[in-house]
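Remarks on the structure that follows.
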Amino acid sequence: MFYFITVNYWSQALVKNLIRSISDSIKSSYRIIIVNNSPEETSVKNLSNEIIKIIEPGTNLGFGKACNLGIKYVYSVDKNAIIWLINPDTTVDFGADDYVKACLKGEPFTAILGTQVRDTRNQTWFGTGEFNKWNGRLYHRTASTSQSVQSTGTSPCTWVSGCSLIINLSQFDNYPSFDPHFFLYAEDADFCVSYGQKGYRIVVTDKALVTHQVSAIIGRNKSFMYEHYTFGRLFFLKKHAAPTGFALYVAYLLIVIAISGSLGSENALGRWCGLKRFYRNRNFNLDWADSNQKIASYNHLK
């Protein structure tokens, strides 16, 4: 069964549109998990029914920690489920579930499957994620795309976008989780790189299956966006990049802040706040066992 997990943050209209898209496009058995990161938006509870479950953490956890709650819940009810992490500001193509099932049948040892994602102009927004630890470059690019509905294939990659990320739970001995130190941005790359280093297979579809309204949610507050983007990128590089790669990004960041700051931009303010926050917290260490224990402490999911 498919379990779609989406994180709501003052985006109920988008969530409703996503639900309609899933209902119209997915013919396999499915359930939808909504993790409500805006607890004041109480009307989200009205979406609950026999197919849709609402998880209320009571605060804004950020993307990764919110997804962890949904993943843990699904793992508790179906350890062989296919979890599809999906942004609220997306729609799913008709027959996307059949494509995904064909990909997993053809490559059953796939643990993490990303989908290519198009934007509302029908241009590929995410093709495949790449990372160079030596220069610190973390980016995604357009991959070759098959437009044939009959063609189902995948390509190996370093990371895939959390905008549309599929977890094949049958390949995991325990429920997989995002690093809770990330709030927003780069947690998807970290998730994939971390599990890739442990030997899990990560691939991306050769066809776009999802349409994304890029930055329809986070783009409302540019300073907030740049702050979390900067912190997430720095923390990712601290974990995975060579010292040269980390240093090059910090140098690039300072140049961008200096240039943008002269214009008094939200870009400069956000990046500066992200840089300060990273250096205030730079000495924390990741403990995967401890992180999983923290997630398990949410007794209402037991």
Side-chain angles (χ1 to χ4, degrees), residues 9 60-68 87 112 114 125-142 157-163 165 177-198 202 204 214-215 217-288 290-291 294:
Y9 182 71
N60 182 6
L61 296 177
F63 176 78
K65 289 176 73 174
C67 286
N68 285 347
N87 270 22
I112 300 170
W125 173 75
F126 181 90
T128 183
E130 299 186 2
F131 169 55
N132 186 321
K133 71 175 184 178
W134 302 108
N135 61 20
R137 192 177 180 207
L138 177 69
Y139 62 104
H140 58 86
R141 62 179 176 82
T142 301
C157 62
T158 303
W159 64 277
V160 298
S161 172
C163 173
L165 185 156
S177 60
F178 287 84
D179 181 341
H181 293 114
F182 291 90
F183 185 82
L184 191 65
Y185 288 115
E187 66 278 274
D188 47 7
D190 174 74
F191 180 80
C192 294
V193 171
S194 296
Y195 280 106
Q197 290 171 346
K198 297 178 181 181
I202 302 165
V204 66
V214 181
S215 296
I217 301 170
I218 191 62
R220 301 168 188 166
N221 187 331
K222 294 294 180 63
S223 179
F224 179 88
M225 178 180 74
Y226 282 116
E227 176 181 349
H228 289 290
Y229 175 85
T230 300
F231 177 86
R233 182 70 171 270
L234 287 168
F235 186 53
F236 174 88
L237 294 176
K238 176 180 182 286
K239 289 180 64 176
H240 301 293
T244 52
F246 181 84
L248 284 170
Y249 182 72
V250 171
Y252 162 81
L253 185 61
L254 291 172
I255 292 171
V256 170
I257 291 172
I259 294 174
S260 302
S262 63
L263 303 176
S265 71
E266 291 180 290
N267 183 333
L269 176 61
R271 290 179 190 269
W272 178 246
C273 290
L275 180 63
K276 288 195 299 180
R277 188 157 65 88
F278 171 77
Y279 275 99
R280 284 198 304 267
N281 297 281
R282 66 187 181 279
N283 292 321
F284 51 43
N285 296 312
L286 174 68
D287 184 333
W288 282 93
D290 180 60
S291 298
K294 289 177 181 177

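- Under the ring-ring contact (aromatic ring centres under 6.0 Å, His included) rule, F235 has a single partner from Y229, F278, F182, Y249, which is F182.
- Between G162 and D188 the shortest heavy-atom distance is N-OD2, 2.9 Å.
- Heavy atoms only, all atoms of each residue included: W134 and A242 are closest at CE3-CB, 3.6 Å.
- Using a 4.5 Å heavy-atom threshold, the side chains of L165 and C192 count as touching.
- Here OG of S194 is found 4.0 Å from NZ of K239. Values are rounded to the nearest 0.5 Å.
- Taking every heavy atom of both residues into account, G274 and T230 meet most closely at C-CG2, 4.0 Å.
- Looking only at side-chain heavy atoms (C-beta outward), V250 and L234 come within less than 4.5 Å of each other.
- A 4.5 Å side-chain heavy-atom check between R141 and T128 finds at least one atom pair inside the cut-off.
- Using a 4.5 Å heavy-atom cutoff, the side chains of H228 and R277 are in contact.
- Nearest heavy-atom pair, G136 versus L237, reported as atom, atom and distance to 0.1 Å: O-CD2, 3.5 Å.
- Screening F236, F126, Y195 for a ring-ring contact (aromatic ring centres under 6.0 Å, His included) with W159, the sole residue that qualifies is F126.
- Closest heavy-atom contact between W125 and S161: CZ3-OG, 3.8 Å.
- Considering every non-hydrogen atom in both R271 and Y226, the closest pair reads NH2-CE2, 3.6 Å.
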